[in-house]
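To start, the structure under review is shown below, and the notes come after it.
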Amino acid sequence: MNPPAKVLIEAQSPGDSRSLFRLLIDGRVVGKDLTAAQLHLLIGEILRLIALPSNATIPIRATSTRS
């Protein structure tokens, strides 16, 4: 996956930063009618996919021990 050249976040209603948002990556709409929380999660997931190679595994350690 090549990293995007341009990520743009637009308010659905121009001038109203409390409205729903639209996400464009390299000029293509990848999400619309998103709340700020949804947009935050989507951007985080996109950045995670770019940062981690697709064939990498993430080791999971047990958080508790069983007797």
Side-chain angles (χ1 to χ4, degrees):
M1 173 187 243
N2 293 330
K6 184 176 182 181
V7 176
L8 180 65
I9 298 169
E10 296 178 336
Q12 291 284 133
S13 302
D16 182 10
S17 63
R18 294 175 298 158
S19 71
L20 297 176
F21 298 92
R22 176 176 32 247
L23 174 64
L24 294 91
I25 296 179
D26 292 335
R28 300 176 85 184
V29 176
V30 296
K32 62 182 185 175
D33 298 328
L34 299 169
T35 64
Q38 290 170 321
L39 183 62
H40 179 84
L41 290 172
L42 183 57
I43 291 289
E45 184 64 18
I46 290 168
L47 292 175
R48 184 187 69 79
L49 291 171
I50 291 169
L52 295 175
S54 61
N55 58 356
T57 58
I58 300 172
I60 299 173
R61 294 185 296 177
T63 57
S64 64
T65 59
R66 293 189 177 198
S67 303

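Values in this document were obtained by computation on a predicted structure and should not be read as measured data.
With rounding to the nearest 0.5 Å, the separation of CG in Leu39 from CG in Asp33 is 12.0 Å. Once rounded to the nearest 0.5 Å, the distance linking CZ of Arg28 with CG of Leu8 reads 15.0 Å. Here the CG atom belonging to Leu34 is positioned 10.0 Å from the CZ atom belonging to Arg22, to the nearest 0.5 angstrom. Interatomic distance, Ile46 CD1 to Leu41 CG, rounded to the nearest 0.5 Å: 11.0 Å. The CZ atom of Phe21 sits 11.0 Å away from the CD atom of Glu10 when rounded to the nearest 0.5 Å.
Following chains of ILVMFWY side-chain contacts shorter than 4.5 Å, one cannot reach Ile9 starting from Leu20, and the two form parts of different hydrophobic clusters. In the hydrophobic clustering of ILVMFWY residues, with side-chain heavy atoms under 4.5 Å counting as a link, Leu47 and Leu23 come out together.
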